[in-house]
Amino acid sequence: MRLDGKGLPVVAVSTLTAAGLSGPGLARRVLEDGIPSPRELAAPAPSRPEDIRQRKLMSRAAWFSALVMRGALAEARWDEGRDEIGAFFGVGASGAEMDEVARLVAASMVEGQFSLARCGREGLDACNPLFAFQIMNNFTLCHGAILEGLAGPNAAFFSRGAGTLTALEEACAAITSGACERALVGGADTALHPVTMAELEREGFLRQGLMPAEGAAALAITSEAEAPLGYVEAVRFFPVDRPRGALVPRTGVLRDAAVPAALDALEDQPCDVVVLAPWGAPAREALVDLPEMLEAELSVDASLSLGESLAATPALAWVLALDLLVHLDKHRALVLSAGPDGDLGAVVLTKGGA
Amino acid sequence: MGARRAVITGVGAVSAFGVGYDALANGLAAGKSAVGPIRSFDARTFPTRVAGEVPLDKTGASFLEKHRGMLLHVGEATAWEDAGLLRDRKVCFGLVAAAEAWRHARCGGAERKASLSIGLGLEQAFLEDLAEQLDGDEIRIGAGDLAGPEGVRFRSRVDLTAEKIRAVIGLSGRVAVHVSACAAGGMAVAHAASWIERGAADVVLCGAADSMVNPLGIGGMSRLGAPSPRAEPSACRPFDRRRDGLVVGEGAAMFVVEEESRARARGAEIFAVIAGHATTQDAYRATAPRPDGSRALAAMERAVRRANLRPADVGYVNAHGTGTQLNDIAEAKAIRALFGDVPTSSIKGAVGHLMAAAGAIELAACLLAFTRDLLPGTAHFEEPDPECPIHVIGPRPLAKRVDYVLSNSFGFGGQNVSVLLGRPR
């Protein structure tokens with residue numbers, strides 16, 4: 001999708017990384033201060049800690065998402081008319097707390113073996129009845145929407161890369177079609193959940209050096225604004241062939257696809273900044289030469305700088321790119337992402353201001 | 001040049017009535033219900049013991065090979081089974097429904113650039129795998145040696161069904177996986193229509209697949225108190241005064257959706273036009289729909305407006321109609337406010353609540369309005385509820401010719417979608 005004119009204004013951003021919760025300022029931290037190594041982030045304390053329902057109600061990703069949604073709304077000063085604000089997020093896998101799962105399983109064992117009969121009789125009762133809400137990954141979108149009263153058009157996309165880009169494209173489509181005038185878009189996820197870590201290990205990503213992290217990012221985009229942080233100029237997808245049964249495209253194929261994809265997204269016009277968001281070493285290897293080929297003045301690898309927070313990474317990379325444009329007074333940035341849900345994603349952003 | 005319109009040219013389904021769209025259509029046309037005791041696992045000690053279960057004990061390679069049409073390579077399905085990829089029932093259901101839709105639309109090489117928009121339910125968690133890692137009161141899973149052996153372990157991946165459909169049909173377009181709980185199927189179809197309308201795709205394979213008929217799925221829903229406590233085939237009675245909860249279902253429905261002029265040019269049969277669609281959020285509570293139904297009403301209103309129609313043009317509403325107290329009252333208020341006395345039904349009493357696939361299977365049911373001039377009935381509806389003051393079609397389908405039908409899907413978390421289908425001209 002290529003947006004008309006300058007594109008759609010981004011009026012506020014909010015991120016949650018190992019460096020904490022912040023609005024603009026991610027670029028300075030990446031370039032100057034450094035971001036702490038990926039670590040488990042502190043989920044917010046419930047307002048009534050004694051109420052177990054509050055503690056158990058939502059997954060960590062749902063809390064992360066709610067935090068950045070709140071941050072972006074505050075930064076954008078979108079206090080009115082929230083019923084018509086859209087919300088589109090890339091979300092990850094279910095994030096059930098393992099202690100709840102362990103309680104259920106432990107209460108279902110008979111002589112060292114899992115017993116279905118006992119699970120029905122006692123196992124289910126051993127875990128919190130609201131445990132199901134932790135499992136539902138659409139709450140990574142809905143928890144924040146409920147807390148903040150966002151009742152406009154919406155969608156949650158499972159993302160191993162491209163889903164978060166789809167969220168951005170659908171937010172832009174909702175605005176350009178008139179379904180809403182304002183929308184929050186982003187992603188939130190954790191790669192540190194034990195079952196996700198096991199999957200990343202079995203799929204080979206950890207062996208290849210993937211740095212698991214958790215995080216979230218939200219961008220507030222709108223149909224018009226006088227002095228926005230920046231503009232979304234284009235959101236483009238480039239499906240990449242892969243061998244049948246392969247988890248990811250071959251590195252060479254991805255590399256060959258990346259250059260024309262970047263040029264196409266940029267419409268053969270230059271960009272000052274390239275931010276890469278590759279998921280795993282093969283994708284990184286495929287994209288690593290691209291900034292030089294595009295003669296970009298600056299390039300940053302968001303997954304290396306911030307760690308890999310899966311569904312959140314593309315959104316963090318967009319915020320980082322916007323922030324780099326402001327921080328370094330540059331004009332145009334390309335964010336290129338590639339994850340195992342296939343397909344190269346390209347987002348072109350330009351600097352805002354008066 | 002006229003506006004681009006999305007039309008449905010192929011459909012496939014797997015439901016409690018059996019494998020294939022005809023099984024669903026014939027079951028609904030006969031006014032039957034396919035809800036019954038759970039057979040795929042021993043649920044005797046579980047609080048919920050009935051489901052709208054696809055009539056087979058085990059999904060696996062033999063099931064896929066029996067329902068061909070997806071160009072499986074020799075030994076491929078067996079390799080998937082060996083790797084644990086088919087343990088999650090929705091993978092097989094999605095593949096079979098997708099292959100049927102593709103075949104039904106007579107798609108070939110020219111359609112392989114199609115995109116995929118699919119609603120998928122949660123990962124299936126495998127409690128027996130997790131139990132193997134239990135060490136005292138802790139489950140020891142993670143990186144390194146704690147990852148377990150090769151294959152699908154602990155849980156299936158959310159997008160596994162999408163990955164397999166893309167590979168087996170040989171699609172080269174983009175993929176979107178909607179995870180909007182019970183609204184996911186409707187949202188996936190609406191998204192496909194949106195892609196077509198704005199020129200982002202010419203052909204989209206879309207729909208949804210889900211199965212929560214497994215110990216944690218059934219158990220988790222039971223802990224929430226959503227299913228009916230009655231272990232009877234009539235457990236789900238949408239809009240009935242005596243209703244007391246939903247019945248979990250499973251299955252898939254997939255559609256080939258394409259741009260109308262393209263479909264006509266290749267001589268494809270058109271089963272329906274996707275005339276309108278809209279989404280809203282309740283933004284109310286995690287555990288309950290907005291009681292006044294106002295955001296559900298907004299979704300319906302916007303879908304009608306997007307289709308450039310008036311509410312009076314809609315001749316049938318396929319309700320979300322879960323059979324729960326709260327949903328049915330709120331939805332009935334919204335339907336009454338916008339459409340008055342329009343004939344309305346819910347098929348959840350007949351096939352159960354297919355969760356992420358609910359919206360897709362219900363859109364498949366809506367096609368009966370155009371292919372057979374039949375509006376599906378509401379199984380087990382006997383006693384009207386004064387708090388649901390709408391025209392509920394009883395257990396038998398209603399023979400009536402209508403030009404437009406609207407289908408609602410509302411998800412846990414407050415996500416609402418309405419999709420409006422029109423009779424092809």
Side-chain angles (χ1 to χ4, degrees), chain A residues 1 57 87 91 93-94 98 101-102 105-106 108-109 113-114 116-117 119-121 124 127 129 131-133 135-139 141-143 145-146 149-158 160 162-163 166 170 173 179 194-195 197-202 206 237 239 241 244-245 341-343, chain B residues 41-47 120 122-123 127-128 130-131 134 137-139 141-144 146-148 150 153-155 157-159 167 172-181 187 191 194 198 200 215 219-224 278-286 295 411-415:
Chain A
M1 165 180 275
L57 195 58
V91 309
S94 298
M98 291 307 287
V101 183
V105 171
S108 306
M109 302 296 279
Q113 298 288 317
F114 178 76
L116 204 52
C119 176
R121 262 196 312 269
L124 295 174
C127 69
F131 168 64
F133 288 109
I135 300 176
M136 294 183 202
N137 49 1
N138 68 318
F139 273 90
L141 168 81
C142 296
H143 186 42
I146 291 168
L150 309 180
N154 63 93
F157 299 98
F158 179 71
R160 283 159 63 89
T166 304
E170 289 313 301
V195 180
M197 289 282 276
E199 285 169 355
L200 291 170
E201 182 71 69
R202 288 201 308 275
L206 294 182
F237 290 83
D241 285 340
R244 186 157 163 150
D341 54 6
D343 313 347
Chain B
F41 72 95
D42 186 350
R44 280 177 296 180
T45 61
F46 280 63
L120 293 171
L122 303 168
E123 309 95 329
L127 294 174
E128 59 277 25
L130 294 162
L134 189 67
D137 58 359
E138 191 185 346
I139 292 178
I141 291 176
L146 299 177
E150 288 296 310
R153 303 274 296 164
F154 314 128
R155 73 180 177 200
R157 185 152 43 76
V158 175
D159 60 349
S172 62
R174 47 187 295 208
V175 178
V177 177
H178 286 259
V179 286
S180 305
M187 286 200 169
H191 192 183
S194 176
R198 61 184 201 241
M221 291 302 289
S222 300
R223 289 292 278 149
L224 279 179
T279 63
T280 59
Q281 241 285 350
D282 267 8
Y284 180 66
R285 285 185 189 161
R295 297 314 289 173
F412 272 113
Q415 294 182 269

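Residue numbers start from 1 in every chain, and the chains themselves are labelled A, B, ... in the order their sequence lines are given, proteins ahead of strands.
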| Contacting moiety of A/Leu150, where chain B heavy atoms sit under 4.5 Å | backbone

| field | Heavy-atom pair of closest approach, residues A/Asp343 and B/Val175 | value | OD2-N, 4.1 Å

| Quick one: what part of A/Val91 sits under 4.5 Å from any heavy atom of chain B, side chain, backbone, both or neither? | side chain

| request: Please say whether more than 12 non-hydrogen atoms of neighbouring residues, nucleotides or ligands are located less than 6.0 Å from CG in A/Asp241. | output: no

| query | If you take all heavy atoms of A/Ser108 and A/Cys119, which pair is closest and at what distance? | reply | OG-CA, 3.3 Å

| field | B/Arg174 portion near chain A, given a 4.5 angstrom heavy-atom threshold | value | both

| query | Which one of A/Gly149, A/Ala117, A/Ala87 has the most heavy-atom pairs closer than 4.5 Å to chain B? | reply | A/Ala117

| said: Which one wins on heavy-atom pair count under 4.5 Å against chain A: B/Ala147, B/Ala131, B/Ser172? | reply: B/Ala147

| query | Which heavy atom in B/Arg223 sits nearest to a heavy atom in A/Cys127, and how many Å separate them? | reply | NH2-O, 2.6 Å

| message | Heavy-atom cut-off 4.5 Å, strictly under: side chain, backbone, both or neither for B/Ala200 against chain A? | response | neither

| query | Quick check: does any side chain N or O of B/Glu123 sit under 3.5 Å from a backbone N or O of B/Arg157, one acting as donor and the other as acceptor? | reply | no

| Atom of B/Gly413, atom of B/Gln281 and distance for their closest heavy-atom approach | O-NE2, 3.1 Å

| task | Identify which of B/Asp282, B/Val177, B/Asp137, B/Leu120 forms the greatest number of heavy-atom pairs closer than 4.5 Å to chain A. | result | B/Val177

| query | Does B/Ser180 reach the main-chain N or O of A/Ala155 with its side chain, forming a donor-acceptor pair under 3.5 Å? | reply | no

| task | Give, as side chain, backbone, both or neither, the part of B/Phe154 having an atom under 4.5 angstrom from any heavy atom of chain A. | result | side chain

| query | Do you know which of B/Arg44, B/Arg155, B/Glu128 has the most heavy-atom pairs under 4.5 Å to chain A? | reply | B/Arg155

| Winner by heavy-atom pair count (cut-off under 4.5 Å) against chain B, out of A/Ala106, A/Ala132, A/Gly152, A/Ala145 | A/Gly152

| Per-residue contact mode, B/Arg295 against chain A (heavy atom under 4.5 angstrom) | side chain

| query | Of the listed residues (A/Met136, A/Met98, A/Gln113), which shares the most heavy-atom pairs with chain B below a 4.5 Å separation? | reply | A/Met136

| said: So which atom in B/Val179 and which in A/Phe158 form the shortest heavy-atom distance, rounded to 0.1 Å? | reply: CG2-N, 3.5 Å

| request: To the nearest 0.5 angstrom, please state how far the CG atom of B/Leu146 sits from the CE atom of A/Met197. | output: 9.5 Å

| note | Turns out that what part of A/Leu200 lies under 4.5 Å from chain B's heavy atoms comes down to neither

| field | Residue part contacting chain B, namely of A/Phe237, when any heavy atom lies under 4.5 Å | value | side chain

| Looking at B/Gly148, B/Pro47, B/Ala43, B/Gly144, which one has more heavy-atom pairs under 4.5 Å with chain A than the rest? | B/Gly144

| query | Using non-hydrogen atoms only, which part of B/Arg153 is less than 4.5 Å away from chain A: side chain, backbone, both, or neither? | reply | both

| said: Quick check for you: among A/Met109, A/Met1, A/His143, A/Glu199, which has the greatest number of heavy-atom pairs under 4.5 Å with chain B? | reply: A/Glu199

| Set of residues satisfying ring pair (Phe, Tyr, Trp, His ring centres under 6.0 Å) with respect to B/Phe46, sequence neighbours excluded | B/Phe41

| said: I need the minimum non-hydrogen distance between A/Val105 and B/Ile139, along with the two atoms involved. | reply: CG2-CD1, 4.1 Å

| query | Does the side chain of B/Met187 come within less than 4.5 Å of A/Asn154's, by heavy atoms? | reply | yes

| task | Flag the one option from A/Val101, A/Asn137, A/Leu206 with the top tally of heavy-atom pairs under 4.5 Å to chain B. | result | A/Asn137

| query | In terms of heavy-atom pairs under 4.5 Å with chain B, which of A/Ile146, A/Leu141, A/Ile135 leads? | reply | A/Ile146

| Structural part of B/Leu134 lying under 4.5 Å from a heavy atom of chain A | side chain

